[in-house]
Number of protein chains: 2
Amino acid sequence: MRLVIARCSVDYAGRLSAHLAEAVRLIMVKADGTFLIHAESSHRPLNWMTAPCSLVVVSTDEEPDVWTVTNKRGETLTITMLEVLHDSDHDLGVDPGLVKDGVEAQLQELLAAQVELLGEGWRLVRREYPTAIGPVDLLCKDVDGVSVAVEIKRRGEIDGVEQLTRYLELLNRDPLLAPVTGIFAAQEIKPQARTLAEDRGIRCVVLDYDVMRGVDDPDTRLF
Amino acid sequence: MRLVIARCSVDYAGRLSAHLAEAVRLIMVKADGTFLIHAESSHRPLNWMTAPCSLVVVSTDEEPDVWTVTNKRGETLTITMLEVLHDSDHDLGVDPGLVKDGVEAQLQELLAAQVELLGEGWRLVRREYPTAIGPVDLLCKDVDGVSVAVEIKRRGEIDGVEQLTRYLELLNRDPLLAPVTGIFAAQEIKPQARTLAEDRGIRCVVLDYDVMRGVDDPDTRLF
DNA sequence: CCGTAAATGTCGTCG
DNA sequence: CGACGACGTTTACGG
């Protein structure tokens with residue numbers, strides 16, 4: 001990874017046009033070819049170019065160096081290097097990568113294995129039940145054999161209710177399934193989302209990740 | 001901006017749990033307090049903490065230094081500094097900021113000036129036509145005087161169809177306007193969005209930015 | 001490679 | 001502070 005601190009101006013031309021006036025910034029060049037330009041504030045880079053892309057440096061006696069980074073879509077990032085204040089290179093090696101815990105995929109997996117949390121005698125028909133506009137997280141049948149579509153979110157917001165509503169509309173057109181009711185299940189459900197869901201006859205269920213994981217985890221099981 | 005290259009392990013506990021095994025990484029500490037941890041690939045940091053947040057360093061003779069970064073939501077980023085390979089500080093000053101020349105606003109402007117692209121004899125009632133839940137991009141009348149609400153996007157996805165649907169529902173409650181039909185106009189329309197729109201009786205129109213600009217641009221005009 | 005949904009999304013603006 | 005929409009969203013996953 002190459003780290004350059006330089007007084008520079010930057011232009012991006014691609015999906016939009018953007019210009020950065022002359023100032024001191026960090027230019028990060030990663031081993032995979034990614035370019036990032038950072039200032040002293042904000043989480044996000046001011047400008048960037050994702051790999052794969054190619055760098056052309058134009059260097060003359062009189063003019064400042066100009067770096068032109070181009071990708072396959074024809075987008076360009078042009079960096080005019082007015083003054084280089086620092087330039088160092090570091091070999092970081094390959095990163096073992098991030099291990100995540102608590103994302104939606106795990107919630108779905110856990111709930112699929114414990115649909116009885118939703119109701120006594122319920123059973124899972126399938127995960128990722130397909131519809132014309134995309135898969136429903138879970139399709140279940142309650143104890144009376146009535147179909148229930150379940151949308152699972154980590155954070156339950158209004159978009160998720162809309163998503164489930166679309167699925168329900170489609171599923172209810174299938175005479176073999178109809179009537180299909182809905183459950184909106186999330187670790188946290190925003191009041192506005194709950195209001196909308198209940199207004200549409202969709203039941204809201206708050207999931208306790210630790211409890212669900214505990215039931216599935218032999219180490220913490222009590223019996 | 002402080003740049004540290006170090007062999008480290010990292011844990012994040014907050015909206016989810018994430019763990020990074022021991023490896024060499026860049027730790028960037030910005031003047032505003034933002035922390036970013038980068039590896040040799042990917043545009044995005046492996047881990048981060050956005051300002052405002054506070055840093056506590058625990059340093060002992062025997063154990064490696066541990067940096068604990070905490071924000072107001074109680075999320076924590078814990079960096080165990082096993083070996084520091086580089087540590088430098090740079091004063092970048094305040095950045096003049098990014099100047100963007102966007103596309104979306106121009107699309108609305110261009111289509112407003114060329115509503116006849118939507119249909120022969122159509123006319124514009126107004127841009128940003130107000131409703132209780134926000135303004136509709138364009139309100140037009142077709143050649144028969146029937147109202148049409150137009151939602152414009154650069155990329156037409158399902159959210160945009162939902163947005164237009166909500167507007168249409170409200171506009172159709174106004175007896176002076178009803179019936180109001182809808183047009184979903186975008187440079188690119190995703191199949192799923194098109195399916196949903198057409199299912200709801202909303203017409204989809206793909207906009208050609210270059211052609212629309214050409215008509216308006218005296219330099220490229222043919223007559 | 002395209003399409004779809006998730007994200008510690010982030011970042012504005014507006015109540 | 002929360003809701004909502006835009007973003008050069010980026011990223012992961014499946015067909």
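Chain A is the first sequence line, chain B the second, and so forth, proteins listed ahead of strands; every chain is numbered from 1. Fair warning: this is a prediction, and the values are worked out from it, not measured in the lab.
The stretch residues 39-51 of chain B comes close to DNA chain D through Ser42(B), His43(B), Arg44(B), each having a heavy atom under 4.0 Å from the strand.
Ring pair His86(B)/His90(A) is perpendicular by interplanar angle, where above 60° counts as perpendicular and below 30° as parallel.
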Just list the side-chain donor-acceptor pairs under 3.5 Å for residues 21-37 of chain B, sequence neighbours left out, or say none.
residue	atom	partner	partner atom	Å
Glu22(B)	OE2	Arg7(B)	NH1	2.1
Arg25(B)	NE	Asp95(A)	OD2	2.5
Arg25(B)	NH1	Cys8(B)	O	2.9
Arg25(B)	NH1	Ala21(B)	O	3.1
Arg25(B)	NH2	Asp95(A)	OD1	3.1
Arg25(B)	NH2	Asp95(A)	OD2	3.2
Arg25(B)	NH2	Ala21(B)	O	2.6
Lys30(B)	NZ	His38(A)	ND1	2.8
Lys30(B)	NZ	Ala39(A)	O	2.9
Lys30(B)	NZ	Ser41(A)	O	3.2
Lys30(B)	NZ	Ser42(A)	O	2.7
Asp32(B)	OD1	Thr34(B)	N	3.0
Asp32(B)	OD1	Thr34(B)	OG1	2.8
Asp32(B)	OD2	Ser42(A)	N	3.2
Asp32(B)	OD2	Thr34(B)	OG1	3.1

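As rounded to the nearest Å, dC4(D) and dG8(D) have P atoms that lie 22 Å from one another. Rounded to the nearest Å, the gap between the P atom of dT11(D) and that of dC11(C) is 15 Å. Nucleotides dG14(D) and dT8(C) have their C1' atoms positioned 25 Å apart, rounded to a whole Å. dA6(C) and dT10(C) have their C1' atoms separated by 14 Å, with the value rounded to a whole Å. Comparing dC7(D) with dA7(C), their P atoms are spaced 22 Å from each other, to the whole Å.
Side-chain contact between Tyr129(B) and Leu171(B) is present, with at least one heavy-atom pair separated by less than 4.5 Å. When side chains are defined from C-beta on, Arg127(B) does not count as touching Ile152(B), because their heavy atoms never get closer than 4.5 Å.
Straight-line distance from the NE2 atom of His19(B) to the C1' atom of dT8(C): 17 Å, rounded to whole Å. To the nearest angstrom, P of dA3(D) lies 13 Å from CD1 of Ile189(A). Rounded to a whole Å, the CD atom of Gln106(A) is 12 Å from the P atom of dC13(D). Between the P atom of dT8(C) and the CD atom of Glu188(A) lies a distance of 15 Å, rounded to the nearest Å. Put simply, CG on Leu98(A) is 12 Å from C1' on dA7(C), counting in whole angstrom units. Summarising the geometry, the separation between CD on Gln187(B) and P on dC7(D) is reported as 11 Å, rounded to the nearest angstrom. Following rounding to the nearest Å, Lys30(A) (NZ) and dT10(D) (C1') show an atom-to-atom distance of 13 Å. Rounded to whole Å, atom P of dC11(C) lies 16 Å from atom CG of Leu16(A).
A salt bridge is absent between Arg166(B) and Glu162(B); no separation between the charged side-chain nitrogens and carboxylate oxygens falls under 4.0 Å.
The phosphate of dT4(C) has neither OP1 nor OP2 within less than 4.0 Å of any side-chain N or O from Gln163(A). Listed pair Arg166(B) / dG5(D) meets the phosphate criterion, a side-chain N or O lying under 4.0 Å from OP1 or OP2. At dC1(D), none of the side-chain N or O atoms of Arg73(B) fall inside 4.0 Å of OP1 or OP2 (strictly under the cut-off). Under 4.0 angstrom from either OP1 or OP2 of dA5(C) there lies at least one side-chain N or O belonging to Tyr167(A). Arg15(A) has a side-chain polar atom (N or O) that falls below the 4.0 Å cut-off from OP1 or OP2 of dT10(D). Contact annotation: Lys190(B) does not reach the phosphate of dT4(C) (side-chain N/O to OP1 or OP2, under 4.0 Å).
Partner assigned to dG8(D) is none, using Watson-Crick or G-U wobble distances below 3.5 angstrom.
The CG atom of Leu107(B) sits 10.0 Å away from the CG atom of Asp208(B) when rounded to the nearest 0.5 Å. To the nearest 0.5 Å, atom CG of residue Asp159(B) and atom OG1 of residue Thr165(B) are 11.0 Å apart. For the atom pair Leu207(A) CG and Arg213(A) CZ, the distance stands at 13.5 Å (nearest 0.5 Å).
Looking at heavy-atom distances under 4.0 Å, Ile158(A) makes contact with sugar-phosphate atoms alone, never a base. Within the nucleic acid shown, Arg194(B) has no heavy atom closer than 4.0 Å to any nucleic acid atom. In this structure, Gln192(A) reaches the sugar-phosphate backbone alone: every heavy-atom distance under 4.0 Å involves primed, P, OP1 or OP2 atoms, never a base.
Checking Lys100(A) against Gly134(A), the closest nucleotide of DNA chain C that is more toward the 5' end is the one next to Gly134(A). When each of Pro191(A) and Leu77(A) is assigned the nucleotide of DNA chain D bearing its nearest heavy atom, the one mapping closer to the 5' terminus is Pro191(A). Comparing Glu157(B) and Glu151(B) along DNA chain D, the residue whose closest nucleotide (by nearest heavy atom) sits nearer the 5' end is Glu151(B).
Judged purely by distance below 3.5 Å, without hydrogens or angles, the side chains of Tyr209(A) and Asp101(A) pair a donor atom with an acceptor atom.
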